[in-house]
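Everything numeric here is computed off the predicted structure, so don't read it as measured data. Sequence positions, counted from 1, serve as the residue numbers for this chain.
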Amino acid sequence: MAAPPQLRALLVVVNALLRKRRYHAALAVLKGFRNGAVLQEKLWAILQATYIHSWNLARFVFTYKGLRALQSYIQGKTYPAHAFLAAFLGGILVFGENNNINSQINMYLLSRVLFALSRLAVEKGYIPEPRWDPFPLLTAVVWGLVLWLFEYHRSTLQPSLQSSMTYLYEDSNVWHDISDFLVYNKSRPSN
């Protein structure tokens, strides 16, 4: 069924507007917002990653708790070093393979460990307590560095981060008409 003439005329006007170079920067901002809001169709990959993540966590908990129990049994009581040693061994055995899922989990934990160690350093008096909330500055530095790395040293970033940032910051600069501005990220091949 053909579109009504008014809709066809509106599409011609909108597509002509989308092709004007003088509006490109503002429209790229809008498409970047759209790319950030659209859920990519990766349901199977998400389910598979969730399964692997859950399986790894189950194996890690089993290993960690088993090693903690074994150390306590052998030494007759529990020592603080037992936690580190059991987790260290469990980490190597379960999360030691360098793959996408383990990489994501380790980066997630690294950020939280760094926060916790910073708080512990303040708590123990190794560094003074900040007089103001350092979180906004930390946020600014992190975002400044990641975009600088993306723009000038992209190969140093993890591939999934490179892909996400390409989608958000570069793909949003390219469109041909309303279909790949609003509906699809890239133009669909013609039949």
Side-chain angles (χ1 to χ4, degrees), residues 29 32-40 42-43 45-172:
V29 169
F33 179 81
R34 172 233 172 248
N35 283 6
V38 172
L39 176 64
Q40 294 184 24
K42 296 185 176 182
L43 184 57
I46 291 169
L47 291 174
Q48 187 176 23
T50 301
Y51 171 78
I52 293 169
H53 179 125
S54 298
W55 177 240
N56 284 354
L57 285 175
R59 292 184 315 145
F60 179 82
V61 170
F62 179 84
T63 303
Y64 173 77
K65 291 181 80 63
L67 289 172
R68 288 289 309 263
L70 180 64
Q71 292 173 100
S72 179
Y73 176 76
I74 290 171
Q75 295 191 317
K77 67 181 205 173
T78 301
Y79 294 97
H82 289 173
F84 178 82
L85 185 57
F88 181 89
L89 292 172
I92 287 174
L93 294 171
V94 177
F95 295 107
E97 181 185 337
N98 189 359
N99 60 44
N100 291 341
I101 293 169
N102 289 348
S103 181
Q104 289 291 329
I105 291 168
N106 287 325
M107 285 188 293
Y108 173 87
L109 288 176
L110 176 62
S111 64
R112 276 136 185 88
V113 166
L114 291 174
F115 264 86
L117 288 174
S118 298
R119 289 180 179 137
L120 183 61
V122 169
E123 185 181 296
K124 296 288 185 183
Y126 300 134
I127 60 173
E129 185 165 350
R131 296 179 188 184
W132 44 270
D133 182 8
F135 189 80
L137 179 60
L138 170 71
T139 299
V141 169
V142 166
W143 281 96
L145 285 173
V146 77
L147 267 299
W148 174 76
L149 287 167
F150 176 71
E151 294 288 348
Y152 299 103
H153 304 282
R154 185 173 305 186
S155 65
T156 64
L157 296 173
Q158 185 191 30
S160 64
L161 181 58
Q162 288 180 42
S163 176
S164 295
M165 296 185 90
T166 297
Y167 178 76
L168 292 169
Y169 301 108
E170 288 183 350
D171 291 357
S172 59

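The CD1 atom of Ile127 sits 13.5 Å away from the NZ atom of Lys124 when rounded to the nearest 0.5 Å. Taking OG1 of Thr156 as the reference point, atom CZ of Phe150 lies at 11.0 Å (rounded to 0.5 Å). The distance from the CG atom of Leu117 to the CG atom of Leu110 is 9.5 Å, given to the nearest 0.5 Å. Here the CH2 atom belonging to Trp55 is positioned 6.0 Å from the OH atom belonging to Tyr51, to the nearest 0.5 angstrom.
Taking both residues in full, the closest heavy atoms of Val94 and Asn102 are given as O-ND2, 3.8 Å, listed atom of the first, atom of the second, then distance. Taking all atoms of both residues into account, the shortest heavy-atom contact from Gln158 to Asn100 is NE2-O, 4.3 Å. Minimum heavy-atom separation, Ile101 to Ala49: CD1-CA, 3.7 Å. When all heavy atoms of Ala83 and Arg68 are compared, the pair lying nearest together is CB-NH1, 3.4 Å. In terms of heavy atoms, Tyr64 sits closest to Ala86 at CD1-CB, 3.6 Å.
Without hydrogens or angle criteria, Glu129 side chain to Val122 main chain gives no donor-acceptor distance under 3.5 Å. A donor-acceptor pair is defined here as one N or O able to donate and one able to accept, closer than 3.5 Å; no such pair exists between the side chain of Glu151 and the backbone of Leu147. Remark: the backbone N or O of Pro159 is not paired with any side-chain donor or acceptor of Ser163 at under 3.5 angstrom. With hydrogens and angles ignored, the 3.5 Å screen pairs no side-chain donor or acceptor of Ser164 with any backbone N or O of Leu161.
Counting only heavy atoms from C-beta outward, the side chains of Phe115 and Phe135 approach each other to under 4.5 Å.
Ion pairing of Arg154 with Glu170 is present here, as a side-chain N (NZ or NE/NH1/NH2) and a carboxylate O approach within less than 4.0 Å.
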Exercise. Does the side-chain hydrogen bond (donor to acceptor under 3.5 Å, both in side chains) test come out yes or no for Gln104 and Ser160, once each step is laid out?
Worked result: CA-CA 9 Å; Gln104 289 291 329; Ser160 64; 3.2 Å; yes
